[in-house]
Amino acid sequence: MGSYLNPGSKGFCESLNSAIYIDKSALIEKTNALINTRQKFLCVSRPRRFGKSMAADMLAAYYERGEDSAELFANLEISQMKSYKEHLNQYDVIKINMQEFLSMTHSVDEMLSMFKKYLVFELTEHFEQVRFRDKDNLVQVMKDIFAGTKHSFIILIDEWDCLFREYQQDIDAQKQYLDFLRVWIKDQEYVALAYMTGILPVKKYGSHSALNMFTEYSMTEPGDLAEYFGFTEKEVESLCKEYKMSFEETKAWYDGYQLVTHTEDSDIYYSMYSPKSVVEAMLRHKFGAYWNQTETYEALKIYIQMDMDGVKDAVVRMLAGEEIHINTGTFSNDMTTFATRDDILTLLTHLGYLTYNSVLGTVTIPNKEVSQEYVNAISTMDWREVIDSLENSKKLLDALWAMDSDAVAEGISRAHKEISILQYNDENALSCTISLAFYFAREYYTIIRELPSGKGFADICFIPRKLHMDKPAVVIELKWDKDVLGAIDQIKDKHYVDALVEYKGNLLLVGINYDKKTKTHTCVIEKEQKK
């Protein structure tokens with residue numbers, strides 16, 4: 001067993017021994033099907049803390065010929081699958097974490113030199129019976145091993161994209177790194193499977209990529225690997241039962257990454273959760289934001305402040321719950337090359353700060369935890385108007401509960417003035433402003449815009465989650481240059497309340513109108529009891 005060649009199963013054993021382990025071993029059936037085929041190159045990109053390293057540890061434990069790992073997999077899903085025994089412990093595995101080499105060196109030259117030196121050392125020591133043409137040449141060493149043993153390699157590269165995140169501006173270093181990977185991996189007979197993980201998809205230069213042989217499995221195109229990175233809704237629901245935690249509250253905090261697998265027969269939708277966040281919430285028995293302020297958090301601030309093509313406007317609208325249409329096709333898969341706002345929003349999707357709906361072509365902020373990251377980022381920026389609005393949202397919610405219609409109208413007018421970044425020219429902009437003004441309501445409610453009812457749509461609806469059933473449900477109808485009393489009549493006439501099928505209890509009917517001439521908001525609130 002070596003550090004990089006056949007590194008053993010310790011990492012996977014630690015996952016299996018953890019308090020919470022979710023079986024993702026069916027991923028192995030997918031990779032088994034690709035071994036020694038033209039599709040043997042995979043690049044899986046997901047945000048931090050989505051289980052990428054655990055999966056790499058699992059693949060290493062399964063494939064490497066250095067030890068018998070059958071006992072580790074005996075009770076896992078893969079053990080019941082067709083290809084299980086065929087590939088178990090049948091390959092020499094090279095497992096590399098590129099961040100390790102990057103952290104120990106000061107340039108790409110030094111990093112690659114150390115990488116090749118260390119790997120050649122282990123290979124030549126392990127395969128001492130092989131005659132080597134050139135022990136200083138990694139590629140030739142691996143060719144000689146394959147020629148002499150006919151044993152091919154499984155190559156696992158974790159954090160493959162770390163250089164692009166730390167050497168963001170050094171294009172020459174990036175190209176040098178990609179060229180090395182291409183020479184080492186592409187068209188080499190000694191490769192049975194090459195599997196890379198990272199946050200970013202493979203970097204593109206111009207019309208081609210140096211690693212164009214890789215099939216991408218990303219946050220925008222997850223393919224048939226969608227369910228293996230992150231926790232599925234079914235898995236989270238099971239954990240909530242085991243740890244006696246509210247599934248509804250867990251969903252509000254951590255749900256929202258919508259990944260789609262397209263098949264010949266249909267599209268399969270997965271609602272994925274960040275594993276780290278869910279595990280922390282279960283073990284601590286406390287909901288909270290468990291993302292750390294890492295480089296990607298700092299990037300969030302930087303990209304918002306760029307305000308390219310109206311990024312700020314898009315962020316405000318998404319904080320209010322809107323979906324933003326984007327084109328992901330122009331993204332260069334790095335952290336510096338941006339031609340449009342869409343490129344920045346695509347990057348934020350790969351970083352985990354947005355989720356992409358590949359059917360609609362839209363992005364949204366996925367959940368409460370990630371929304372808090374935006375609030376944290378904005379609070380450290382010179383963006384006082386949005387922060388003021390968010391801070392005032394608690395007072396506005398208190399005024400709503402107190403049925404103080406004048407205070408609600410005044411609070412919305414204040415939010416309108418504060419959020420001057422939005423073009424305030426239609427009912428949708430009014431809806432966006434009100435949703436952001438009531439941002440604090442997310443502490444207690446599931447907020448739905450355009451809730452379908454029997455005869456139309458309620459503009460905004462607040463539905464209290466089960467832990468907060470002491471709060472009233474709220475149905476809001478918006479008007480633009482019309483009679484505010486007509487909004488309440490519309491709620492009643494079109495039976496919007498009937499859409500709250502499962503809700504029983506106090507209900508507030510709220511009508512809000514904006515008068516274009518006077519530039520003022522008016523509000524009327526009525527209370528009902530839904531039985």
Side-chain angles (χ1 to χ4, degrees), residues 2-5 7 10-11 41-57 59-60 93-123 136-139 141-142 153-186 191 194-205 209-211 214 216 218 229 276 291-300 302-303 332-337 347 350-352:
S3 297
Y4 313 109
L5 174 65
K10 185 176 186 297
F41 303 99
L42 300 79
C43 182
V44 176
S45 56
R46 290 292 188 278
R48 56 198 168 94
R49 299 179 171 180
F50 255 74
K52 302 185 297 296
S53 296
M54 188 283 291
D57 288 339
L59 294 177
V93 171
I94 294 175
K95 182 175 177 291
I96 303 293
N97 186 323
M98 282 296 183
Q99 183 66 57
E100 175 186 339
F101 289 94
L102 186 64
S103 299
M104 291 191 295
T105 54
H106 302 92
S107 70
V108 68
D109 281 322
E110 190 180 350
M111 181 189 85
L112 294 179
S113 177
M114 177 184 287
F115 171 84
K116 289 183 281 189
K117 177 181 177 181
Y118 285 12
L119 194 52
V120 165
F121 174 84
E122 288 201 5
L123 288 168
D136 294 326
N137 186 319
L138 172 62
V139 172
V141 164
M142 294 184 68
F153 292 86
I154 301 285
I155 298 177
L156 309 174
I157 305 175
D158 201 10
E159 299 279 4
W160 89 270
D161 62 330
C162 60
L163 185 136
F164 294 92
R165 290 183 271 124
E166 295 195 24
Y167 286 69
Q168 295 182 18
Q169 305 293 338
D170 195 336
I171 303 301
D172 290 337
Q174 294 173 13
K175 288 184 177 180
Q176 182 181 353
Y177 175 57
L178 286 178
D179 287 342
F180 162 74
L181 291 177
R182 184 188 68 242
V183 171
W184 180 40
I185 296 173
K186 188 175 183 180
V191 177
Y195 175 97
M196 302 198 308
T197 72
I199 294 176
L200 298 175
V202 174
K203 165 68 179 174
K204 294 181 286 187
Y205 285 107
S209 168
L211 301 179
F214 276 88
E216 302 273 8
S218 68
F229 299 90
K276 174 65 174 179
W291 273 23
N292 292 326
Q293 296 182 8
T294 66
E295 59 176 329
T296 49
Y297 167 86
E298 292 301 319
L300 180 60
I302 293 169
Y303 300 129
S332 296
N333 297 350
D334 66 20
M335 303 182 78
T336 57
T337 308
L347 172 61
H350 290 297
L351 296 178

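Model, not experiment: these values are computed from the prediction. Heavy-atom basis, side chains included; hydrogens, waters and symmetry copies ignored.
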Taking the side chain as every heavy atom from C-beta outward, state whether [X] and [Y] have any pair of such atoms under 4.5 Å apart.
X: L181; Y: M98; value: yes
X: V108; Y: D170; value: no
X: Y303; Y: M335; value: yes
X: I199; Y: F164; value: no
X: I94; Y: M142; value: yes
X: I157; Y: W184; value: yes
X: F153; Y: L123; value: yes
X: L351; Y: L300; value: no

Atom pair [atom1] ([X]) and [atom2] ([Y]), whose distance is rounded to the nearest 0.5 Å:
X: S45; Y: F50; atom1: OG; atom2: CZ; value: 11.5 Å
X: N333; Y: L211; atom1: CG; atom2: CG; value: 11.0 Å
X: T197; Y: F229; atom1: OG1; atom2: CZ; value: 8.0 Å
X: Y195; Y: I155; atom1: OH; atom2: CD1; value: 14.5 Å
X: L200; Y: E216; atom1: CG; atom2: CD; value: 10.0 Å
X: L178; Y: L163; atom1: CG; atom2: CG; value: 8.5 Å

For the residue pair [X] and [Y], what are the closest heavy atoms and their distance?
X: T105; Y: F101; answer: OG1-O, 2.8 Å
X: E122; Y: L5; answer: OE1-N, 2.9 Å
X: D158; Y: S53; answer: OD2-OG, 2.5 Å
X: T337; Y: S332; answer: CG2-OG, 3.7 Å
X: W160; Y: C43; answer: NE1-SG, 3.7 Å
X: Q174; Y: Y167; answer: NE2-O, 2.9 Å

Point to revise | K95 side chain vs I154 backbone, donor-acceptor pair below 3.5 Å | key: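 Such a contact is absent between K95 side chain and I154 backbone.
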Point to revise | Main-chain N/O of R46 paired with K52 side-chain donor or acceptor, under 3.5 Å | key: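 The answer is yes, because a donor-acceptor pair under 3.5 Å joins these two groups.
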**Study point:** D179 with R182: basic N within carboxylate O range, under 4.0 Å
**Key:**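 Yes, this pair counts.
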**Study point:** Pairing of K116 and D136 as salt bridge, 4.0 angstrom limit
**Key:**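 D136 and K116: not salt-bridged.
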Exercise for review: Measure centre to centre between the rings of F115 and F180, then say whether the value is under 6.0 Å.
Suggested key: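 That pair passes the under 6.0 Å test.
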Point to revise | Qualifying residue, where the test is side-chain hydrogen bond (donor to acceptor under 3.5 Å, both in side chains) with Q99 and the options are R165, E159, E166 | key: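 By the side-chain hydrogen bond (donor to acceptor under 3.5 Å, both in side chains) criterion, Q99 pairs with just one of R165, E159, E166: E166.
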Exercise for review: Would you tell me whether Y118 and E100 have side-chain atoms, one donor and one acceptor, within less than 3.5 Å of each other?
Suggested key: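 No, because no side-chain N or O of Y118 sits under 3.5 Å from a partner of the opposite role on E100.
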